[in-house]
A.B. asks: 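The structure that follows is given in the form of structure tokens.
Computed from a predicted model, the values in this text were never measured in an experiment. By convention in this document, chain letters (A, B, ...) are assigned in the order of the sequence lines, proteins followed by strands, and residues within each chain are numbered from 1.
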Amino acid sequence: MAFWQNWYNAQGGAGAASAHFPDGSFLFAPDQEESLAQFIDSALADSSALAEEALDSAVLLGNLRGNVVGLRYYTGVVSKNEMVALQREPRNAHDSNAIRVNNINGDQVGHLRRQLAAALAFILDNKLARIEGLVPYKVNNKFTMPVQLSFWAPEAQRAAVLSHLQQHGLNLAPPTQGAGVWRARAGPSYRAPSHQPVHMTAEQLKSEFDKIFEDIKEDNKTAEMEPAPAVRTALLPHQKQALAWMVTRENNWELPPFWELRGGLYHNLLTNFTQSQRPDSVHGGILADDMGLGKTLSTIALILSNFHGGRPLPVERSTEEGAEVVDKAPVSPPLHTLLVQLEQFEQHMDPGVQLRRCLYYGPNRPRDPDFLSQQHVVLTTYTTLTTEHGVKGVSPLQAVLWLRVVLDEGHTIRNPNTRQTRAALALKAQRRWLLTGTPIQNSLQDLWSLVSFLKLKPFTERQWWHRTIQRPVSLGDEQGLRRLQGLLRNITLRRTKNSQVRGRPVVTLPRRTLCLQHISLCEEERQIYQAIMDEGRSTISRYLREDSMMTHYADVFAILVRLRQLCCHPHLTARTPPAGATTEELRAKLVRKMKMVLSCGVDEECAICLDSLRLPVITHCAHVFCRLCICQVIQQTNARCPMCRAEVRAGQLVECSPGETDSTPAESTRPAWVSSSKVDALMLSLIEIRRQDPNIKSLVVSQFTAFLSLIEIPLRAEGFSFVRFDGSMSRSRRAKTVSSFQSCSPASPTILLLSLRAGGEGLTLTAASRVFLMDPAWNPAAEDQCFDRCHRLGQTRDVIITKFIVKDSVEENMIKIQHRKRDLAIGAFAAKSHSEVTKARVDEIRTLIDL
DNA sequence: ACCGCCGGGTGCC
DNA sequence: ACCGCCGGGTGCC
């Protein structure tokens with residue numbers, strides 16, 4: 001119960017309403033939906049009014065009694081204490097105010113009485129409040145039934161809601177009173193919000209989340225299972241546990257969590273919904289082991305061990321008499337497994353296994369459904385899945401009923417509003433698995449899409465998740481927390497690096513040491529740096545005075561990137577295109593500048609999702625966002641740029657994919673090679689390492705891919721054997737690079753030049769035991785993930801990480817900000833206003849250049 | 001009786 | 001709906 005105790009403590013400390021919560025961070029800030037709500041005045045379309053994003057800051061205004069009428073015309077049934085949903089019907093031929101009432105299944109129960117609907121339609125249409133229904137008791141009559149309506153709204157809208165109701169002669173019953181009555185009936189939680197939403201740091205949230213799993217003793221998750229002979233790699237004990245758990249879950253025919261059989265009917269304990277049809281069992285779950293514990297291997301073992309009908313895939317071995325089939329299980333199952341972004345399949349498999357598998361991505365993917373249906377395993381990517389989703393004609397992926405779908409890096413479907421998530425949710429499969437080391441990133445909201453993917457009734461609909469779990473938990477309700485625990489214990493398996501198996505740590509990793517190596521720029525470098533710094537500081541202080549930092553963001557951004565580049569190497573600096581005279585030219589100049597800066601391979605964050613840029617695009621006003629994020633904004637009417645509030649249009653977006661447009665600075669006019677203080681420091685270390693032990697391998701990491709290109713020159717000159725891995729490389733090229741680096745052959749390269757963000761969680765580079773981080777990142781988590789590529793299962797040496805930081809520079813200030821971000825308590829559930837986020841950014845920029 | 005009262009027809013939005 | 005509401009029939013005690 002430590003989870004909710006801390007929860008209460010945390011809220012006692014934070015106290016004030018979310019709007020006043022101090023925040024200097026756009027790093028661990030709440031996730032995409034909340035941020036969107038702050039940036040965009042109009043909420044996303046949502047049938048139940050009041051966008052989901054605003055829900056976390058909503059409070060219970062009060063309750064109202066009403067009636068549902070017209071029951072005899074509809075089939076939807078409702079039992080005692082059951083939740084119902086309200087749905088506006090503006091096109092109803094009889095009454096444009098019509099509000100329909102549905103049960104959990106989405107079946108219509110009836111309508112709200114006309115006079116009541118006349119008062120409430122306005123509130124719903126203008127998203128003044130969210131109105132939730134609960135039918136308090138079973139009625140014997142076929143015509144009407146009572147309904148308790150609860151009004152939830154942000155505090156700021158309370159007055160507007162109450163006065164509107166007053167105009168229609170309606171008064172809300174105070175929440176405590178109403179809530180008490182319903183609680184006494186042991187109904188769903190309608191408990192009054194006696195607590196403000198709870199504030200926790202993202203780190204606290206994650207650690208509390210992990211505590212949910214610590215108490216698991218009674219759960220049958222410690223049984224181990226031997227994998228099928230087709231699995232070549234030996235499994236560690238915790239991986240055998242994962243295998244056993246996954247097989248049990250796949251073959252499980254128990255009722256899903258929160259359902260029970262009552263007098264021949266199936267009853268949902270959270271919503272009190274009852275149905276005669278048996279709800280589908282959950283044949284799958286979330287494997288949420290920490291990065292590096294071998295989720296991929298466990299899953300491959302699952303596929304081969306629970307291949308068909310609870311039996312493993314046979315292995316054919318050639319003996320003296322000929323081929324011998326070890327097991328007579330059916331070789332061709334009627335259904336197949338779809339793997340999204342799961343790699344390393346081959347390396348864990350016995351070569352004698354007869355498994356038909358195909359890769360389904362790239363322009364020449366085998367679209368023939370007949371061919372696909374002959375495969376045992378189909379491997380695809382999120383990009384392909386998303387591309388094919390929703391295009392006219394049926395995508396072969398969407399057409400197939402899969403035996404099993406596995407989403408690797410499953411947290412990528414965290415945002416329910418992206419096409420990628422919708423594409424993943426639309427897959428039809430009997431067994432569904434989601435692999436992720438970070439099931440929760442920022443808030444509980446992150447979990448909904450993941451749970452929804454498992455097709456767990458009634459959580460496939462957002463409002464039931466919100467009403468029964470997310471909101472109670474965020475209000476500090478103990479019952480809500482128990483529900484969350486119950487659910488997670490049922491559908492997820494999570495072990496951290498600190499977990500124990502059979503009394504021993506799940507993994508014992510070699511030591512990992514981080515050392516900051518401070519670099520002093522040489523006289524010449526310092527002069528250049530200081531000149532640019534002085535110029536930049538005066539420009540930025542002018543913007544500060546004019547309060548126009550955000551409209552000149554591209555400029556500011558370019559200055560900062562330039563300074564960071566100067567810390568690395570003077571030749572890295574992108575040159576500014578010539579200034580134009582008219583506003584239009586100036587705008588074009590800014591866009592070009594942004595494009596050029598991004599093309600250096602710099603790692604910037606998107607102001608909407610607050611994560612690293614994915615598929616970056618530049619707006620007309622020269623701000624950069626993920627394509628998917630800004631496209632969502634553009635779908636709004638009167639869409640405005642979240643950074644500067646200028647108008648944004650889809651047609652004016654400029655593509656800029658860092659990988660593709662990577663430009664080694666001025667290839668044609670490249671000056672003669674000169675080193676830099678940082679490069680010197682790197683080379684000294686590398687040469688010393690080679691002298692001490694030529695077998696030691698190193699990762700050389702930078703965010704600037706152009707810097708990696710520069711580093712190639714001295715590496716070559718000193719006779720180092722190296723390879724390079726960055727985002728612009730094709731899938732097959734990456735695979736070749738990794739296997740050549742990981743290989744223990746004497747010809748194998750000893751250095752890997754690595755772009756900080758390239759590759760996913762699964763990128764394993766355990767051959768290296770030294771890491772040189774050439775430049776600090778905004779996001780310390782990005783650095784950690786990068787270090788984990790070599791400091792993970794399979795690493796045999798102690799790992800030493802060297803982080804180069806130029807003294808008295810923007811880099812040192814970045815480190816300060818990193819520390820501040822780590823320490824800062826930010827509201828995991830708190831909403832932040834546009835102005836707060838902007839202010840935080842401005843403050844950060846001031847810190848960076850000592851203003 | 002320009003009322004009251006009765007009892008039948010009727011019924012979401 | 002074992003209601004409310006409507007509108008027609010009806011009319012001292």
Side-chain angles (χ1 to χ4, degrees), chain A residues 43-52 61-153 157 160-173 178 181-182 185 187-188 190 265 268 271-276 458 461-464 466-467:
Chain A
L44 288 167
D46 177 72
S47 62
S48 44
L50 198 68
E52 297 287 344
L61 303 183
N63 301 311
L64 198 63
R65 280 296 284 275
N67 280 298
V68 187
V69 297
L71 304 191
R72 64 166 147 163
Y73 301 100
Y74 308 102
T75 53
V77 287
V78 176
S79 20
K80 176 184 146 102
N81 260 325
E82 183 173 327
M83 293 181 175
V84 288
L86 305 189
Q87 184 188 6
R88 271 287 280 130
E89 270 186 347
R91 289 167 190 281
N92 188 298
H94 305 276
D95 181 2
S96 63
N97 289 326
I99 299 172
R100 105 181 226 187
V101 178
N102 301 329
N103 70 7
I104 274 87
N105 238 2
D107 297 327
Q108 181 164 7
V109 177
H111 283 98
L112 289 190
R113 200 184 284 295
R114 194 186 188 97
Q115 299 90 317
L116 185 58
L120 302 193
F122 178 87
I123 292 176
L124 294 180
D125 292 345
N126 292 288
K127 304 188 190 303
L128 292 181
R130 184 188 176 86
I131 309 177
E132 298 178 351
L134 175 77
V135 174
Y137 48 85
K138 181 73 188 169
V139 279
N140 302 319
N141 95 50
K142 301 187 279 284
F143 306 97
T144 69
M145 63 168 81
V147 62
Q148 156 97 351
L149 301 172
S150 304
F151 290 68
W152 294 83
Q157 304 201 136
V161 174
L162 296 187
S163 87
H164 179 79
L165 288 172
Q166 200 106 58
Q167 281 168 33
H168 289 260
L170 298 170
N171 287 302
L172 295 185
V181 169
W182 305 118
R185 291 172 185 270
Y190 262 93
L265 293 173
N268 183 273
T271 58
N272 282 316
F273 177 65
T274 301
Q275 61 181 29
S276 55
E461 220 190 296
R462 180 93 164 251
Q463 65 170 316
W464 307 125
H466 199 273
R467 284 176 71 173

A.B. asks: Hey, can you pull the residues of residues 113-122 of chain A with a non-hydrogen atom under 4.0 angstrom from DNA chain B?
C.D. replies: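 Those residues whose heavy atoms fall under 4.0 Å from DNA chain B, taken from residues 113-122 of chain A in numerical order, are A:R113, A:R114.
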
A.B. asks: Output all residues satisfying side-chain contact (heavy atoms from CB on, under 4.5 Å) with A:P90, sequence neighbours left out; order by chain, then residue number.
C.D. replies: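 Per chain and number, A:P90 pairs via side-chain contact (heavy atoms from CB on, under 4.5 Å) with A:R88.
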
A.B. asks: Would you mind pulling out the nucleotide paired to B:dC12, Watson-Crick or G-U wobble, both distances under 3.5 Å?
C.D. replies: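 Per the H-bond distance test, none.
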
A.B. asks: Taking atom P in both C:dG9 and C:dC13, compute the distance separating them and give it to the nearest angstrom.
C.D. replies: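 Going atom to atom, P in each nucleotide, I get 23 Å.
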
A.B. asks: Taking only residues two or more places apart in sequence or in another chain, which ones pass side chain to side chain donor-acceptor pair (under 3.5 Å) with A:N126?
C.D. replies: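 Applying side chain to side chain donor-acceptor pair (under 3.5 Å) to A:N126 gives none.
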
A.B. asks: Per the ring-ring contact (aromatic ring centres under 6.0 Å, His included) rule, what does the pair list look like for residues 69-106 of chain A, sequence neighbours excluded?
C.D. replies: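 Every pair satisfying ring-ring contact (aromatic ring centres under 6.0 Å, His included) with a residue in residues 69-106 of chain A: A:Y74-A:H111.
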
A.B. asks: Can you list the residues that meet the side-chain contact (heavy atoms from CB on, under 4.5 Å) rule with A:L71, with sequence neighbours excluded?
C.D. replies: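 Partners of A:L71 under the side-chain contact (heavy atoms from CB on, under 4.5 Å) test: A:V68, A:V109, A:M145.
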
A.B. asks: Using side chain to side chain donor-acceptor pair (under 3.5 Å) as the criterion, list what pairs up with A:T274, not counting sequence neighbours.
C.D. replies: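 Side chain to side chain donor-acceptor pair (under 3.5 Å) list for A:T274, sorted by chain: A:S79, A:H267.
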
A.B. asks: Give me, pair by pair, the N or O atoms of the protein and of nucleotides 2-4 of chain C that are less than 3.5 Å apart, along with how far apart they are.
C.D. replies:
none

A.B. asks: Rounded to whole Å, please give me the gap between CD in A:E89 and P in B:dC12.
C.D. replies: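 Result: 15 Å.
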
A.B. asks: Can you sort out the partners of A:L172 under side-chain contact (heavy atoms from CB on, under 4.5 Å), two or more places apart, ordered by chain and number?
C.D. replies: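 Counting only residues at least two positions away or on another chain, A:L172 forms a side-chain contact (heavy atoms from CB on, under 4.5 Å) with A:L61, A:L64, A:F151, A:L162, A:L165.
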
A.B. asks: Could you tell me which residues satisfy side chain to side chain donor-acceptor pair (under 3.5 Å) with A:Q115, sequence neighbours excluded, listed by chain and number?
C.D. replies: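 Residues passing side chain to side chain donor-acceptor pair (under 3.5 Å) with A:Q115: none at all.
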
